[in-house]
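These notes are about the structure you will find just below.
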Amino acid sequence: MAWAGFAYLVAAVCFIMALRGLSHPETARNGNKFGMAGMAIAVITTIAMPSVLSYEWIIAGILIGGAIGTVIAQRIVMTALPQLVAAFHSLVGLAAVFVAAAAFYNPEAYNIGSSGSIAVASLIEMSLGTAIGAITFTGSVVAFGKLQGIFGSKPLVFSGQHMLNAGLGILLLVLVIWFCATEAPWLFWAIVLLSFAIGLLLILPIGGADMPVVVSMLNSYSGWAACGIGFTLANTALIITGALVGASGAILSYIMCKGMNRSIFNVILGGFGGETATGGGGGDDDRPVKAGAAEDAAFMMKQSDSVIIVPGYGMAVAQAQHALREMADLLKAQGVEVRYAIHPVAGRMPGHMNVLLAEANVPYDEVFELEEINRDFSSTDVAFVIGANDVTNPAAKTDKTSPIYGMPILNVEDAGQVLFVKRSMSSGYAGVQNELFFRDNTTMLFGDAKKMCEDIVKALEAN
Amino acid sequence: MDQQQLLEQAQSLQEQARALAEKAGTLAEQAATLAGPAAEAAAATGGTPFIVLFTAFVLACFVGYYVVWSVTPALHSPLMGVTNAISSVIIVGALIAAGPAEMNISKVFGFLAIVLASVNIFGGFLVTNRMLGMFKKKQK
């Protein structure tokens with residue numbers, strides 16, 4: 001059986017290469033091929049094992065699942081990427097629960113003892129894998145529902161929530177210990193059901209704009225679930241891959257939290273935004289703002305030497321990325337330098353904006369991260385903010401009472417002129433008024449982001 | 001008479017001996033078949049003690065940490081796509097469950113897990129491929 005161990009090792013190395021490839025867009029596609037090769041090696045190795053004797057169910061399962069997956073991957077629109085990823089995470093979680101159940105009812109197939117006398121170590125690993133898998137499943141279903149707009153994206157907060165969660169967590173621990181001691185089937189399913197409930201309660205209180213963190217966190221969980229099952233099966237490919245995925249999700253969660261200057265506990269405990277938000281400069285404000293039309297914006301940008309575009313989730317909602325790229329092309333044809341600045345938490349998942357811009361054929365070397373471009377705003381004539389708000393709010397730097405204080409922001413206020421494409425004067429997710437709107441060098445462009453870009457394109461073409 | 005009886009006895013003894021030999025042969029075969037899985041079981045569990053698996057786990061965490069920090073932020077969405085696809089390597093456990101010839105409840109669980117994991121494998125890799133195909137350099 002030594003060859004199987006080697007084959008799994010090769011698969012694991014392929015997965016590491018797949019992640020490594022993502023360090024640059026040019027090597028990324030090759031990396032993805034490594035990933036596919038690794039998966040093929042792992043699957044073929046397992047099917048070739050002497051204990052695998054019947055292939056009908058296996059082939060049927062792969063054909064059904066593969067067909068569904070292929071169709072979904074080809075049809076999905078890129079704005080719906082976050083909910084697709086959430087849905088995929090839920091499948092990994094549920095698959096982990098099923099594999100654990102299979103191992104529980106037929107332990108002989110996995111060499112972990114026989115029914116009624118499974119090794120205690122295996123029971124511990126199995127129950128951990130099951131619990132994490134089940135939490136990932138319902139948590140991801142809720143995240144999917146919030147991102148897809150099936151449930152309201154408002155955080156669901158009720159009194160005693162944290163006490164209830166803590167109580168359920170302790171109960172889960174008791175059940176796991178009891179299960180490991182008695183190996184009773186009803187306890188296995190009790191762990192599954194309780195973990196389902198915890199997954200729901202964990203994600204329901206988290207608001208829509210915190211979804212980048214949630215999606216990354218669930219990504220991490222799905223990895224740890226695979227890891228737990230890997231220990232049960234004594235399979236190194238599963239353990240190594242699970243650890244890679246777990247680490248990846250954890251790092252992404254950390255980056256997202258840092259992008260919002262919040263701790264992971266603060267996000268998980270929820271209650272940010274919604275009605276509870278108070279703080280500096282919030283609420284109604286009837287100071288005058290300077291509103292402009294598409295023609296003014298077109299004229300202003302055409303006269304400038306450099307423009308930095310700051311896209312946010314509003315651009316994705318309005319599907320404005322194609323019109324935006326057309327606008328940028330026309331400006332470039334006039335000799336204007338056009339660049340894009342992306343805030344780490346723009347969009348609903350890590351890197352979402354980059355994919356949307358890439359889809360609209362924006363070359364990736366015109367797109368910059370916050371640290372790369374933040375100094376350049378002061379030497380830029382026009383900052384064009386489209387569908388973003390909180391990530392440009394200078395209150396994050398100056399107002400200690402503001403809920404977003406300390407969050408890294410894009411320094412658009414340093415640019416010569418600031419154009420804000422917004423539907424209305426409403427405040428952003430954090431419920432804070434943006435001081436920038438009232439500055440002399442700010443022009444508000446009220447309207448739908450896509451319509452506004454199209455109008456600017458027309459104005460640019462007209463003269 | 002004696003000769004006759006002796007001959008018969010000898011013959012019956014001979015037959016008994018043959019039967020015993022046959023029995024021994026089948027027993028030896030059974031022992032051999034039993035020894036196979038036992039040795040495999042030892043290789044699977046006894047051969048890889050917990051500490052070996054745990055070592056792989058901890059080292060993989062470190063590899064993951066450094067590899068993921070080297071991923072460019074622009075590709076964080078494809079990173080999620082690809083990690084999502086490779087976490088479906090859990091299909092390995094599902095294949096073992098669905099593999100045995102005889103029908104049991106585990107086979108059903110295994111089948112369901114194969115379907116779910118396959119959706120993820122195909123969907124995850126293909127959607128990542130689609131995303132990566134969009135990232136293009138400036139045309140000069």
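For the numbers below, each heavy atom of this structure counts, side chains included, while hydrogens, waters and symmetry mates do not. Naming: A, B, ... by sequence-line order, numbering from 1 per chain.
Both the backbone and the side chain of B:Phe54 come within contact range of chain A, with heavy atoms under 4.5 Å apart. Contacts between A:Val215 and chain B at a heavy-atom distance below 4.5 Å involve backbone atoms as well as side-chain atoms. Proximity to chain B (any heavy atom under 4.5 Å) is shown, for A:Ile16, by both the backbone and the side chain. For chain A, no part of B:Val58 is nearby; none of its heavy atoms comes within less than 4.5 Å. The contact between B:Ile91 and chain A is made entirely by side chain atoms (from C-beta outward), counting heavy-atom distances below 4.5 Å. Only the side chain of B:Ile121 comes within contact range of chain A, with at least one heavy atom under 4.5 Å from a heavy atom of that chain.
In plain terms, the two heavy atoms of B:Ser70 and A:Arg20 that are nearest each other are OG-NH1, 2.8 Å.
Ring centroid separation for the pair A:Phe98 and B:Phe111 does not come in under the 6.0 Å cut-off. Checked against the 6.0 Å centroid threshold, B:Phe50 and A:Phe231 count as a close aromatic pair.
The backbone N or O of B:Asn104 sits nowhere less than 3.5 Å from a side-chain atom of A:Tyr105 that would complete a donor-acceptor pair. At least one donor-acceptor pair closer than 3.5 Å links the side chain of B:Ser106 to the backbone N or O of A:Asn106. Between the side chain of B:Thr72 and the main chain of A:His24, no donor-acceptor pair closer than 3.5 Å is present.
The salt bridge (Lys or Arg N to Asp or Glu O under 4.0 Å) check on A:Glu366 picks up A:Lys332, with sequence neighbours excluded.
A donor-acceptor pair shorter than 3.5 Å can be found between the side chains of B:Thr83 and A:Asn219.
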